[in-house]
Amino acid sequence: MRKIRITGTGNYLPELVVTNQMMSEIVETSDEWILTRTGIAERRLSSGEPTWYMGAQAARLAISEAGLSGEDIDLIIVTTITPDYYTPSTACIIQSEINAGKAACFDINAACTGFVYALDMAARYLMSDDIRHILIVSTENISKIVDYSDRSTCVLFGDGASAVVCSRPSDQDESAMLATVLGSEGQGGQYLYSKALDVKHPFIKKEQVWPDRFGQQDDHYVNMDGQEVYKFAIRALSDSVLKVIRKANVSIDELRYIIPHQANSRIVNAAARRMKADPQQIISRMSDFGNTSSASIPICLDELIRSGRLRRGEKVALCGFGAGLTYGAAIFIY
Ligand code: UT7
């Protein structure tokens, strides 16, 4: 068992609300199609706020909620697939925004599973003596990589950020990570991807230009085989939760909540049926926010904590899936 206590959380959701009706004014779709196929009614989109800004705003709230200052943070892990720069990392930019002078900083990319990967890492780092407080920031401006003329993807995504401070608890504190299950299926990479820059310099010959691995056009837009991802998602969600439950040696009804990645309510409902979970346990918020990639799980977690619906000592399962293909689940005692 790895001791880890969530001491503070915070969200940043852009003010701009884009409804399904507004979507139907830019692509051939309807509120009815989007709602019945995905459960999404509206999403927030950035009005130009960069990814680092949204992350820093969420981080400030989480640190203050934890009763800490930036100086107390030993490590910043940012999860994002939509950074503003290749370098410096988004974590370094957020560090300078929140004056976390002594923190080590890096970004990870595990797509929509990013937060689950980061939480697993945080619990492992907290086992070492020299790390007491870790800030995880999941921040995504997915709108940067969405093609708003492609109705099969543009209706799904939203922008947002969330931050969580994880601290080393006292010996008497029961807060802990009970188990995690992480995995990837790299052979499914072509089902969901967004392309970065090609190798291009003055000494390269035309015949040396490599074809794109996934065969995409020359843009950076999200390219998705929705049905393949759909099948993977149901399997990955239910299998990883069932696996992590066995590993943690708890039964499904001991879980106060199960927070799945918020991609599609049909995926979540089908996975819930497969794992025989009580629908009351499942958190489903995609109706208001759409799919915010790695930010989706911690946004829900922050809402549960702030509203007082999650109490100390209760057990929670998180489960993510996404591009990579990646998946992961975790069970912790809050
Ligand atoms: O973080 C992980 C991210 N990705 C996911 O979680 C995506 C997983 N996949 C899905 O959620 C679903 O596959 C979608 C919601 C993307 C699509 O739902 P579907 O039930 O699998 O629809 P489909 O792809 O089979 O398309 C059915 C029809 C097609 O028309 P035809 O060929 O039957 O005439 C599409 O062109 O629906 C059409 N369609 C739309 N119609 C209205 C696709 N997008 C739209 C749209 N509005 N926005």
Side-chain angles (χ1 to χ4, degrees), residues 18-43 45 79-82 109-117 138-160 162 183-186 188-194 214 221-238 240 259-272 274 282-287 289-300 318-329:
V18 176
T19 61
N20 290 346
Q21 170 60 32
M22 288 159 78
M23 280 290 171
S24 71
E25 286 160 21
I26 60 163
V27 285
E28 204 182 317
T29 188
S30 64
D31 180 45
E32 200 259 333
W33 191 96
I34 303 171
L35 255 186
T36 51
R37 299 283 178 131
T38 72
I40 298 167
E42 58 188 41
R43 69 287 294 144
L45 293 188
T79 75
T80 188
I81 54 168
T82 48
N109 175 348
C112 303
T113 320
F115 181 75
V116 183
Y117 271 62
S138 299
T139 180
E140 304 280 12
N141 259 324
I142 302 296
S143 57
K144 293 204 272 193
I145 56 170
V146 165
D147 176 356
Y148 284 91
S149 66
D150 174 10
R151 68 177 182 173
S152 68
T153 53
C154 73
V155 300
L156 305 176
F157 296 98
D159 299 332
S162 189
S184 322
E185 297 179 7
Q190 75 274 18
Y191 297 137
L192 181 50
Y193 62 93
S194 151
F214 299 131
Y221 291 131
V222 168
N223 196 302
M224 183 174 74
D225 182 331
Q227 289 185 1
E228 285 297 337
V229 178
Y230 191 92
K231 284 186 277 178
F232 163 75
I234 294 171
R235 170 171 60 83
L237 267 190
S238 45
S240 62
I259 311 179
H261 169 47
Q262 307 285 299
N264 182 324
S265 57
R266 284 193 298 147
I267 292 175
V268 169
N269 296 341
R274 269 190 79 183
I282 309 282
I283 301 299
S284 193
R285 294 288 288 121
M286 61 287 276
S287 157
F289 304 129
N291 178 349
T292 55
S293 190
S294 71
S296 87
I297 292 174
I299 285 173
C300 295
L318 311 177
C319 41
F321 60 88
L325 301 169
T326 57
Y327 61 88

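Counting convention: from 1, in listed order, for ligands and their atoms alike. In this text the structure is predicted, and so the values were computed from the model without any measurement. Hydrogens, waters and symmetry mates are skipped; everything else that's a heavy atom, side chains included, is used.
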Inset, instruction - Could you check if a side-chain atom of Tyr148 sits within less than 4.5 angstrom of a side-chain atom of Val27, using non-hydrogen atoms only? - result: no

Legend entry - Polar contact flag, side-chain donor to acceptor under 3.5 angstrom, Ser162-Ser138: no

Legend entry - Whether Ile34 lies under 4.0 Å from ligand 1, heavy atom: no

Legend entry - Note, Cys112 side chain near Ser293 side chain (heavy atom, < 4.5 Å): yes

Inset, instruction - Taking the side chain as every heavy atom from C-beta outward, state whether Thr38 and Leu156 have any atom pair closer than 4.5 Å. - result: yes

Legend entry - Protein heavy-atom partner closest to atom 4 (N) of ligand 1 - residue, atom, separation in Å: Met224 SD, 3.3 Å

Inset, instruction - Answer yes or no for atom 15 (C) of ligand 1: protein heavy atom present at a distance under 4.0 Å? - result: yes

Legend entry - Ligand-residue contact atoms, ligand 1 with Thr38, heavy atoms, under 4.0 Å: 15 (C)

Legend entry - Mutual orientation of the aromatic rings belonging to Tyr193 and Phe214 [parallel < 30°, tilted 30-60°, perpendicular > 60°]: tilted

Inset, instruction - Around atom 29 (C) of ligand 1, find the nearest protein heavy atom and jot down its residue, atom name and distance. - result: Arg151 NH2, 4.7 Å

Legend entry - atom 42 (C) of ligand 1 protein-contacted (non-hydrogen atom, under 4.0 angstrom): yes

Legend entry - Ser149 and Tyr221: side chain donor to acceptor below 3.5 Å: no

Legend entry - Nitrogen or oxygen atoms of Ser30 and ligand 1 under 3.5 Å apart: no

Legend entry - Shortest protein heavy-atom distance from atom 9 (N) of ligand 1, along with the residue and atom involved: Gly226 O, 2.9 Å

Legend entry - Passing candidate, side-chain hydrogen bond (donor to acceptor under 3.5 Å, both in side chains) with His261, options Asn291, Thr292, Thr113: Asn291

Legend entry - Close side-chain approach of Phe321 and Arg235, heavy atoms under 4.5 Å: no

Inset, instruction - Using a 4.5 Å cut-off on heavy atoms from C-beta on, say whether the side chain of Met224 contacts that of Ser152. - result: no

Legend entry - Sub-3.5 Å N/O-N/O distance, Ala263 and ligand 1: no

Legend entry - Protein non-hydrogen atom found under 4.0 Å from atom 48 (N) of ligand 1: yes

Legend entry - atom 18 (O) of ligand 1: the protein heavy-atom neighbour that sits closest, reported with distance to 0.1 Å: Arg266 NH2, 3.4 Å

Inset, instruction - Below 4.0 angstrom from a heavy atom of Ile267, which ligand 1 atoms are there? Numbered from 1 as shown, please. - result: 6 (O), 8 (C)

Legend entry - With Phe157, the side-chain contact (heavy atoms from CB on, under 4.5 Å) member among Leu45, Val146, Asn141, Ile145: Val146

Legend entry - Nearest-contact summary for atom 2 (C) of ligand 1 - protein heavy atom, Å: Asn291 ND2, 3.7 Å

Inset, instruction - With heavy atoms under 4.0 Å as the rule, classify the contact between Asn264 and ligand 1 as side chain, backbone, both or neither. - result: side chain

Inset, instruction - Please tell me if the side chains of Ile34 and Arg43 come closer than 4.5 Å, counting only heavy atoms from C-beta onward. - result: yes

Legend entry - atom 5 (C) of ligand 1: the protein heavy-atom neighbour that sits closest, reported with distance to 0.1 Å: Val229 CG1, 3.7 Å

Legend entry - Identity and separation of the nearest protein heavy atom to atom 20 (O) of ligand 1: Arg37 NH1, 2.8 Å

Inset, instruction - Side-chain contact test, heavy atoms from C-beta onward, threshold under 4.5 Å: evaluate it for Val222 versus Asp147 and give yes or no. - result: no

Inset, instruction - Using only heavy-atom distances, determine whether the side chains of Thr80 and Glu140 contain a donor-acceptor pair under 3.5 Å. - result: yes

Inset, instruction - Quick one: look at Thr153 and ligand 1, take heavy-atom pairs under 4.0 Å, and tell me if it's side chain, backbone, both or neither. - result: neither

Legend entry - Close-contact set for ligand 1 against Val155 heavy atoms, below 4.0 Å: 48 (N)

Legend entry - Heavy atom of protein inside 4.0 Å of atom 31 (P) of ligand 1, strictly below: no

Inset, instruction - Write out the residue and atom name of the closest protein heavy atom to atom 24 (O) of ligand 1, then the distance separating them to 0.1 Å. - result: Gln227 NE2, 3.9 Å

Legend entry - His261 heavy atom under 4.0 Å from ligand 1: yes

Legend entry - Pick from Tyr191, Phe157, Trp33: the one approaching atom 45 (C) of ligand 1 most closely through a non-hydrogen atom: Trp33

Legend entry - Chi angles and distances behind the side-chain contact (heavy atoms from CB on, under 4.5 Å) call for Val18, Met23: CA-CA 7 Å; Val18 176; Met23 280 290 171; 4.0 Å; yes

Inset, instruction - Would you confirm whether any non-hydrogen atom of the protein falls under 4.0 Å from atom 11 (O) of ligand 1? - result: yes

